[in-house]
Amino acid sequence: MRRTVFNEDHEAFRETLRAFIEAEVVPVYDEWFAAGQAPRDFYYKLGELGIFGINVPEEFGGAGLESHKFEAVLYEETARAGVAFGGSGVHVLLALPYIKMLATDEQKKRYLPKFVTGEEMWAIAMTEPGTGSDLAGMKSTAKLSEDGTHYVLNGAKTFITGGVHADRMIVCARTSAPTAEDRRHGISLFAVDTKSEGYSVGRKLDKLGLKTSDTAELAFVDVKVPVEDLLGEENKGFYYLGHNLASERWGIAFGAYAQAKAAVRFAKQYVQDRTVFGKPVASFQNTKFELAACQAEVDAAEAVADRATEALDAGELTPAEAASAKLFCTEVAHRVIDRCLQLHGGYGFMNEYPIARLYADNRVNRIYGGTSEIMKSIIAKDMGL
């Protein structure tokens, strides 16, 4: 069936992006992989390419579009090439919605021009050691100073993607104690300058996958955050976080589908080139059946991902629908990538082959943004169960 989710503008962007990846990323990607992160200056190149400004209003230097379809193209093209753009994904997919939703006009004038160029890279710090998915249990605090000019931030965060290179960090911290009726009350969001005294980046975490994404531990010791950098209203942070979960889960779902599609491409190319017992691996019936089954699953995941994209752009993607898309696409990707790695034989276990890196990168999709078990709970609740 012909896809209808993309138009000529998206396909033109795809061509530009594919050429950029081939010229600027593929030749040096092994170096990034070994270093455990993309170099900071690469993000300036993404800014020059316009990646960061697609959904930013024109008055702040962006393209002024309100669509996630260009992000979808980016997911497909990076997966197709077996690469990633470091930790920059959180800059656009996670941080930008909070700026657009919560920032005042004055804050947008300060934040967004540098956001678009890559001069200031953003990330978001929610998870804390020992709390995991229980955001209401966070212990980090931000207490208003006596003169009311700033907050004093103390605490620690972990698993923070983009945490090494970030210039601005959206930090979630308690400004009030939880109430007996609502333990989620009292959390606020701050756009913290990472050069602030008392702000420190701890370990760059050694992960199973996503090797080029800088993921770190953070610590805050009496960090002074000007009141002008409070995002939204005090004590309403938890509800703001919930507002953007649908778009975050869409991103994971679409990215997982793109990875599954890429896995089939890698496996098809490998089995056509690889010869055993005097014949191409692709000539064996088992190979044909395995890849055919994988392609059928990818086709289904593509339909789900595209439908979710259209709903998100229309402002109609519900939490349950986002959870369903994430659950389905990530589980499909898990099965497909595993089977495609199997078709590579021993070479599939070697990191020099993109399928091996894809296998490791994909595993976290069923964990972050809400585990598959959490997705099932959301869907079941929506069903009235």
Checklist entry - Is a side-chain N or O of Glu11 found less than 3.5 angstrom from the main chain of Glu8, in a donor-acceptor match? => result no
Checklist entry - With the threshold set at 4.0 Å, does a side-chain nitrogen-carboxylate oxygen contact exist between Arg14 and Glu76? => result yes
Checklist entry - Which heavy-atom pair separates Pro129 from Ala156 by the least distance, and what is that distance? => result CD-O, 3.8 Å
Checklist entry - What's the verdict on side chain to side chain contact (heavy atoms under 4.5 Å, CB included) for Thr215 and Ile160, showing C-alpha distance, side-chain angles and the deciding distance? => result CA-CA 5 Å; Thr215 304; Ile160 308 307; 5.7 Å; no
Checklist entry - Between Asp229 and Arg110, is a salt bridge (charged side-chain N to carboxylate O under 4.0 Å, His left out) present by the stated rule, with each step listed? => result CA-CA 10 Å; Asp229 286 327; Arg110 283 195 291 126; 3.1 Å; yes
Item to check | For the student: nearest non-hydrogen atoms of Gly369 and Glu248, plus distance | outcome: CA-OE2, 3.6 Å
Item to check | Linked, directly or transitively: Leu144 and Phe220 (ILVMFWY side chains, under 4.5 Å) | outcome: yes
Checklist outcome for this item: Exactly one candidate in Lys204, Arg203, Lys157 meets side chain to side chain donor-acceptor pair (under 3.5 Å) with Glu217; the answer is Arg203
Checklist entry - Is it true that atom CG of Asp182 has more than 12 heavy atoms of other residues, nucleotides or ligands lying nearer than 6.0 Å? => result yes
Checklist entry - How far does CG of Leu112 sit from CD of Glu120, to the nearest 0.5 angstrom? => result 10.0 Å
Checklist entry - Just by modelled atom types, is the Asp222 backbone N or O under 3.5 Å from a matching donor or acceptor in the Asn154 side chain? => result yes
Checklist entry - Would you find more than 12 non-hydrogen atoms of other residues, nucleotides or ligands less than 6.0 Å from Phe349 atom CZ? => result no
Checklist entry - Just wondering, are more than 12 heavy atoms of other shown residues or ligands nearer than 6.0 Å to CD in Gln342? => result no
Item to check | Carboxylate-amine/guanidinium contact Lys109 Glu106, below 4.0 Å | outcome: no
Next on the checklist: Go through it in stages, so that I can follow the logic: the residues are Lys211 and Asp206, the test is side chain to side chain contact (heavy atoms under 4.5 Å, CB included), and I'd like the CA-CA distance, side-chain angles, deciding distance and then a yes or no.
Outcome noted: CA-CA 8 Å; Lys211 289 292 189 180; Asp206 184 16; 2.9 Å; yes
Next on the checklist: side-chain hydrogen bond (donor to acceptor under 3.5 Å, both in side chains) for Ser324 and Glu321? Distances and angles first, verdict last.
Outcome noted: CA-CA 5 Å; Ser324 179; Glu321 289 168 343; over 6 Å; no
Next on the checklist: Once rounded to the nearest 0.5 Å, what's the spacing between atom CE of Met169 and atom CG of Leu189?
Outcome noted: 13.0 Å
Item to check | Flag side-chain contact, heavy atom, 4.5 Å: Lys100 against Asn55 | outcome: yes
Next on the checklist: Using every non-hydrogen atom in the two residues, find where Tyr43 and Met121 come nearest and quote the distance to one decimal.
Outcome noted: CB-SD, 3.7 Å
Checklist entry - What are the two closest non-hydrogen atoms of Ser213 and Thr161, and how far apart are they? => result OG-CG2, 3.2 Å
Checklist entry - For Tyr44, is the NZ or CZ atom of Arg40 found under 6.0 angstrom from the centre of its six-membered ring and inside 45 degrees of the ring axis? => result yes
Checklist entry - Salt bridge check: are Lys139 and Glu128 linked by an N-O gap of less than 4.0 Å? => result no
Checklist entry - Is there a chain of hydrophobic side chains (I, L, V, M, F, W, Y, each step under 4.5 Å between heavy atoms) that links Phe42 to Val83? => result yes
Item to check | Point-to-point distance, once rounded to the nearest 0.5 Å, from SG of Cys340 to CD1 of Ile337 | outcome: 8.0 Å
Item to check | Least distance between heavy atoms, Val336 atom then Ala263 atom | outcome: CG1-CB, 4.5 Å
Checklist entry - Hey, are the side chains of Leu208 and Val364 touching, using non-hydrogen atoms and a 4.5 Å cut-off? => result no
Next on the checklist: What I want to find out is whether Glu297 reaches Arg335 closely enough, with some N-O distance under 4.0 Å, to be called a salt bridge.
Outcome noted: yes
Checklist entry - Stepwise, does the side chain to side chain contact (heavy atoms under 4.5 Å, CB included) test hold for Thr141 with Leu153? => result CA-CA 6 Å; Thr141 61; Leu153 175 65; over 6 Å; no
Item to check | Check against ring-ring contact (aromatic ring centres under 6.0 Å, His included), Tyr111 and Trp122 | outcome: CA-CA 10 Å; Tyr111 299 153; Trp122 287 62; 5.0 Å; yes
Item to check | Partner of Asn362 under side chain to side chain donor-acceptor pair (under 3.5 Å), chosen from Arg357, Gln259, His334 | outcome: Gln259
Checklist outcome for this item: To the nearest 0.5 Å, atom NE2 of His91 lies from atom CD1 of Ile124 at 13.5 Å
Checklist entry - Side chain of Thr175, backbone of Gly186: donor and acceptor closer than 3.5 Å? => result yes
Next on the checklist: Looking at Lys268, I want to see if its NZ is surrounded by more than 12 non-hydrogen atoms of other residues, nucleotides or ligands under 6.0 Å.
Outcome noted: no
Checklist entry - Would Tyr257 end up clustered with Leu312 when hydrophobic side chains under 4.5 Å apart are linked, directly or stepwise? => result yes
Item to check | Ion pair Asp167/Lys195, N-O distance below 4.0 Å | outcome: no
Item to check | Worked verdict on Glu197 versus Lys224 for salt bridge (charged side-chain N to carboxylate O under 4.0 Å, His left out) | outcome: CA-CA 8 Å; Glu197 184 178 353; Lys224 293 182 179 180; over 6 Å; no
Item to check | Residue pair Phe254 / Ala305: nearest heavy atoms and the distance that separates them | outcome: CD1-CB, 3.6 Å
Item to check | Verdict with supporting geometry, Phe190 and Tyr151, ring-ring contact (aromatic ring centres under 6.0 Å, His included) | outcome: CA-CA 9 Å; Phe190 300 90; Tyr151 292 85; 4.8 Å; yes
Item to check | Electrostatic pair Glu302-Arg3, nearest N-O below 4.0 angstrom | outcome: yes
Checklist entry - Pick from Tyr347, Phe266, Tyr359: which one makes a ring pair (Phe, Tyr, Trp, His ring centres under 6.0 Å) with Tyr353? => result Tyr347
Checklist entry - Got a second to check how far His165's NE2 is from Asp214's CG, nearest 0.5 Å? => result 5.0 Å
Checklist entry - Just wondering, are more than 12 heavy atoms of other shown residues or ligands nearer than 6.0 Å to CZ in Phe159? => result no
Item to check | Residue pair Leu341, Leu358: steps toward the side chain to side chain contact (heavy atoms under 4.5 Å, CB included) verdict | outcome: CA-CA 9 Å; Leu341 186 150; Leu358 196 57; over 6 Å; no
Checklist entry - Can you hop from Val227 to Leu102 via hydrophobic side chains spaced under 4.5 Å? => result no
Item to check | Common cluster, Phe85/Val28, ILVMFWY with side-chain heavy-atom separation under 4.5 Å | outcome: yes
Next on the checklist: Applying salt bridge (charged side-chain N to carboxylate O under 4.0 Å, His left out) to Glu233 and Lys236, what does each step give before you reach the verdict?
Outcome noted: CA-CA 6 Å; Glu233 297 182 40; Lys236 292 188 176 181; 3.2 Å; yes
Checklist entry - Do the non-hydrogen side-chain atoms of Trp32 and Val25 ever get within less than 4.5 Å of each other? => result yes
Next on the checklist: Treating Glu71 as the side-chain partner and Gly251 as the backbone partner, does any N or O pair qualify as donor plus acceptor under 3.5 Å?
Outcome noted: no
Next on the checklist: So, taking the atom named CZ in Arg363 and the one named CZ in Arg366, what distance separates them when rounded to the nearest 0.5 Å?
Outcome noted: 3.5 Å
Next on the checklist: Looking at Glu310 and Lys69, is there a salt bridge between them, counting it only when a charged N and a carboxylate O are closer than 4.0 Å?
Outcome noted: yes
